[in-house]
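Working notes, beginning with the structure itself.
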Amino acid sequence: MNQLGFPILSVMLLVPLVAAVACVYSAAANARRIALGATLIDLLLGIVLWATFDQAGQAERWQFVEYQPLFGRFAWALGIDGIALMLIMLSVFLMPICIGASWRAIERRVPEYMALFLLVEVLMIGTFAAQDLFLFYIFFEAGLIPMYLIIGIWGGTRRIYASYKFFLYTLLGSVLMLIAMLWMARYAGTTSIPALMETDFPVEAQTWLWIAFFASFAVKVPMWPVHTWLPDAHVEAPTAGSVILAGVLLKLGGYGFIRFSLPMFPEASQQLIWVILALSMVAVVYTSLVALVQADMKKLIAYSSVAHMAIVMVGLFAFNQQGLEGAMIVMLSHGLVSGALFLCVGVIYDRLHTREIARYGGLASVMPRYAILFLLFTMATIGLPGTSGFVGEFLSLMGVYQVNSFATLICTTGIILGAAYSLYLYRRVVFGVADKPDVLKMEDLSRREIALLAPIAAVVLWLGIYPESFIAPMRADVAALTQRIDRARPVGDAQVAAAAPGAVQEQVGGPQDAHGAEAH
Amino acid sequence: MFLPLLAALVAGFGQRALGPIVAKGVTTGALFISCALSWPIFIGFLTGSAEPGVAPVLTWIQSGTLDVNWALRVDTLTAVMLVVITTVSALVHLYSWGYMAEDPDQPRFFAYLSLFTFAMLMLVTADNLVQMFFGWEGVGLASYLLIGFWYQKPSANAAAIKAFVVNRVGDLGFMLGIFGTFLVFGTVSIPAILEAAPAMAGSTIGFLGQRFDTMTVLCLLLFVGAMGKSAQLGLHTWLPDAMEGPTPVSALIHAATMVTAGVFMVCRLSPMFETSATALTVVTFIGAATALFAATVGTVQTDIKRVIAYSTCSQLGYMFFAAGSGAYGIAMFHLFTHAFFKALLFLGAGSVIHAMHHEQDMRYYGALRREIPITFWTMTLGTLAITGVGLYGVFGFAGFYSKDAIIEAAYASGTSMGGFAFFVGVFAALLTSFYSWRLVLLTFFGKPRWAASEHIQHALHDDHGHGHDHDHDHGHAVAHADNPPAQESAGDEPHAHGPTKHDLPAGTGGYHPHESPWPMLVPLVVLSIGAVFAGIAFAPFFIDSAEFWRGSIAFDEALIHHIHETPMWVKLSATVAMLIGLGTAILAYVVYKDWPQRFAEQFRILYRFLLNKWYFDEIYHLLFVRSAFWFGRLFWQRGDVGLVDRFGPNGFAAAVQVGSRAAVRFQSGQLANYALVMLLGLVGFATWAILG
């Protein structure tokens, strides 16, 4: 069984599932309580999971393994490594916060809403814990349905368009992935993900498989140019929907790359690294600039998400420990920070019912506590050292510098542009004179809202000051992955060459000029 | 060593719950304790009894071979910075009791100040580049918060963002520098890098598809970071705008401590810079160019704080070209003396502004020496110090020792760039003397010109007499609204259209400036003692003593030897330049008062060029701010909406609609139903594949 003596992963799936069914048959008030209770139980189970997880690398790589053959090759196979553990923790941590954020904001069809959220939780944990290829696929794709319904039913005015776009993008990519999976299962004769991760596919097949998986994961990440569903989905989704979308659903793509594309197709990953680097470079600059001109708060944060996820992508494809761990930390950090930022937007949306930046201003005077928390999350999204954002970005970019200095330079401009759009947003919303009559009447954070934001703030700082707690569980797994893909590691352009005797000094100021021209 | 950090941290975060008096007391007390603890460390290094050491605190980031720890490192270089930071910070805390007395947000202000001090201490005690970067960004954050402290003022907000973003441009270089350093040396620990650096001299590294000398690339990337933080030419534009912050902030952050972080970094990494002649040449050039540029602009500004800000910028340039010449000890010495006299000048300016009811334009000052005598005398001492008054071999004010040593070092370095820096340095010394005395003469001498000031008018018509600070904010807003400034960029532009000197009505307008309260005067007096004696007392240690530095910076004995052997005309040139500047200032502002006016008319283009700060702000605004917004809109409207969506989902939808008309009978039109059917089909397909 496992170190606990009971199938904890299945229990973690079962609790919200049962609660979801219970919610449907309850009144609104009870449904809220059931949902909160179930998500809190899952959070506790998650903490148990983390506490008992052996991170020293002594035990098996896959822990808490459950295996129950169902029919044919299909099996109920669950199990996690450190990477999955961290993402499961992110999910179970954000879930109760989402329920709390919907406490007052959702008044229509509450039981169904709560049930769908619990279903999302089941599917997310399932995706990260699945060890069978098709089990993964089912969880991965089914995750779309409740999310689609949440946007479509409880969303804003253009919710149908947004949910349609969201669904179309994400489903089309997955069809290709399914075909690739079928081929892989036939070729390898197994559907076990750990076994497939050790399988060496022929190099020419890898390219096709890689592209098929890419089609699905790139949409989920989302990478430029298939990112346009994200701003619409965020804008129309209710606050909690945005939190879970940014916090966990976007991580599915990154998780897919780290679990499938890299270990299963290392050669193809190396050959197609230019696709990732090029799209990410475009994404960082392009979406940051687009974020700068947004008038809608949620859209701005949505576009900034695309820029951040591009940093994840370059980190993943750095083929080294720093890059991979950095990418994981950016995913965790982004999940927390952008989730928190959407909550921050939700807080003032609940008061004024508009997301338009120009309608606010001077909130520092009327909502000082809000101003502090919002500032903390703004700084975290900018990547200020001491917050979670820095650790991840720094490691990712440091990793990719060993692969390509040009891509690093372009992606690092994200720290300038990120500061620009984030501070510009903060200035317009929080600073200035509070002169609009309805803004003056806004109340500071309620106790419930503080209870939602404060835990995230604490974790953001924890991750920024002592990230070791989060890196340690992943270390052995990332090391195993780096070892696995080492044979395809690309040669970086920034390698040092020893001094040639009598080497001529470089021309004065050459790199300075080149740099200066780019840096601005 | 832990106590000051801890105290600053606790004070910084714990005070929101406390009352304003407690908050102020805790922070100020903590800083005075830190200060009292720092001086013994410094004296220990002076006497040679203290030992450099590193105290590890906590693991920070471990990833593969990267190993970053929180650690506190203390050596001579750190000790110098500790003394500067804690002393100025403690005095500024005290000063703020008086200066900010009417502000409703005092706890917030003191919290930010302490936060800043904490970050700055982290920066100077860093044992690795990443922790240095932490402190680096931390002071950036504090600077952002303090510049934008009066958040109701649009100009303050704009300045705060500008400071942060421009600094980030520098940080980009710093970060790339750290990445490159890690790539080359496999570590970010400063001692390890410095040890390994000489072995890397002459090797090459790929960067942006070309190959360059390794150490040159690394040093220049790191130097870009230093340029940003220390407001060197090209990345200097944020510093003058940062004067929107309260004056104590300007004294602490934008004069004495934060802006010197770049100089500190270059000195800390001096063995690394020593391995690349190219990098040193660039450092010298940038430093000299900044010294010259800022000094020229400083001569025509009318805002008292902006004059001092450009002066700071210029003095930082001095420090850099000293470092570029290889005289790191002298650069640090100038940093040390500069901290005293520049903080003094800023706090003095704050005292003047306080007395003049927040009027900052020197054209509305005049004849203040009798009204606020202590401020006058302390500022005069500060001016004597910055202009480097002294008699060779007898006695000199602080700047006399440090600045003259820099000029001599540039001469003695013997390189062509050093020669350039020498002449620029001497000329900048002339300008320094001119604008510094101009400030004193305009402010304290002549006839009162107060009546025309809107702030003074505001004060006279205010029933509360002095008004409380909230009024002041609105007063500011009103004053700025009268001649709307283009906040993003134009900076001082409105002043150009403002009333010129000769048509201002003279007179006091019935206003009576009053001397500042004692919390403001005590720091002024303490700092003027530093400004007078810091030079003569510490010059032998900083400039000549390799034992004092104990390997914490690269120390070039030969260069110091050359400095002492420079010809007499070199030694005297700075003093002569200073006297010429003083003479010109007296002629222009005391004897022939129409000179400035005639100069402005005679050399209209030059005057406007200088007044508008060489048009850096305008060019940057057009090049970066406007184009960023333009591209942003383009990408959004044309890219996302016009291309991706049009041919992506929307196009698909249109195609489906056309196609589905034929089959409309069989379709419910509900997306959910399609999806369900689709999913069921796929699951069935998958099952078939698995079973088969």
Side-chain angles (χ1 to χ4, degrees), chain A residues 72-74 134 164-165 167-169 178 182 225 228 286 289-290 292-293 320-322 325 364 379 384-386 391 395 397-398 401-402 405-406 408-409 412-413 415-416 419-420 423-424 427 431 433 467-468 471 493-499 503 505-506 508-512 514-515 519-520, chain B residues 58-59 61-64 66 133-134 137-138 141 148 151-152 154 157 161 164-165 168-169 171-173 175-176 179 182-184 202-209 212-214 216-217 220 224 278 281-282 624 628-629 631-633 635-636 640 644-645 648-649 652 671 675 682 686 689-691:
Chain A
R73 288 195 210 113
F74 191 70
F134 293 101
Y164 157 76
K165 206 167 164 182
F167 200 83
L168 196 65
Y169 259 124
L178 182 67
L182 295 172
T228 60
Y286 180 109
L289 289 173
V290 174
L292 196 60
V293 297
N320 54 40
Q321 190 97 11
Q322 287 91 30
E325 285 177 359
M379 285 301 154
L384 196 82
V391 179
L395 285 175
L397 293 168
M398 179 177 253
Y401 188 84
Q402 296 165 42
S405 61
F406 183 68
T408 314
L409 175 67
T412 313
T413 58
I415 69 167
I416 303 172
L423 294 180
Y424 188 45
R427 169 193 169 181
F431 288 157
V433 185
E468 181 62 15
I471 298 178
D493 69 329
Q495 300 307 311
V496 181
Q505 286 277 317
E506 291 297 330
V508 178
Q512 169 73 23
H515 184 80
H520 306 298
Chain B
L58 189 71
T59 306
I61 306 173
Q62 266 188 339
S63 176
L66 176 73
F133 191 70
F134 167 81
E137 293 283 274
L141 167 69
Y151 57 79
Q152 288 97 344
N157 291 331
I161 291 185
F164 200 95
V165 172
R168 276 263 150 162
V169 177
D171 295 344
L172 170 88
M175 270 180 99
L176 288 173
F179 300 154
F182 178 69
L183 180 84
V184 173
S203 63
T204 60
I205 189 172
F207 186 67
L208 307 182
F212 298 104
D213 181 63
T214 307
T216 305
V217 170
L220 288 179
V224 172
T278 315
T281 310
V282 173
F624 303 118
F629 277 87
F631 273 114
R633 271 184 213 106
F635 287 151
W636 181 31
D640 272 15
V644 179
D645 279 355
F652 184 82
L671 189 62
L682 286 173
I690 297 161
L691 292 175

Can you name the residues that form a side chain to side chain donor-acceptor pair (under 3.5 Å) with B:Asn157, not counting sequence neighbours?
none

Quick check: closest heavy atoms across A:Ala419 and B:Arg168, and the distance to 0.1 Å?
CB-CG, 3.9 Å

For the atom pair CE (A:Met379) and CG (B:Leu141), what is the distance rounded to the nearest 0.5 Å?
5.0 Å

Indicate the atoms forming the closest heavy-atom contact of A:Tyr401 with A:Thr408, along with that distance.
CA-OG1, 3.2 Å

For A:Ile471, is it the side chain, the backbone, both or neither that has a heavy atom under 4.5 Å from a heavy atom of chain B?
side chain

Given that the side chain runs from C-beta out, which part of A:Glu468 has a heavy atom under 4.5 Å from chain B: side chain, backbone, both or neither?
both

Interchain contact, A:Leu384 with chain B, by part (heavy-atom threshold 4.5 Å)
both

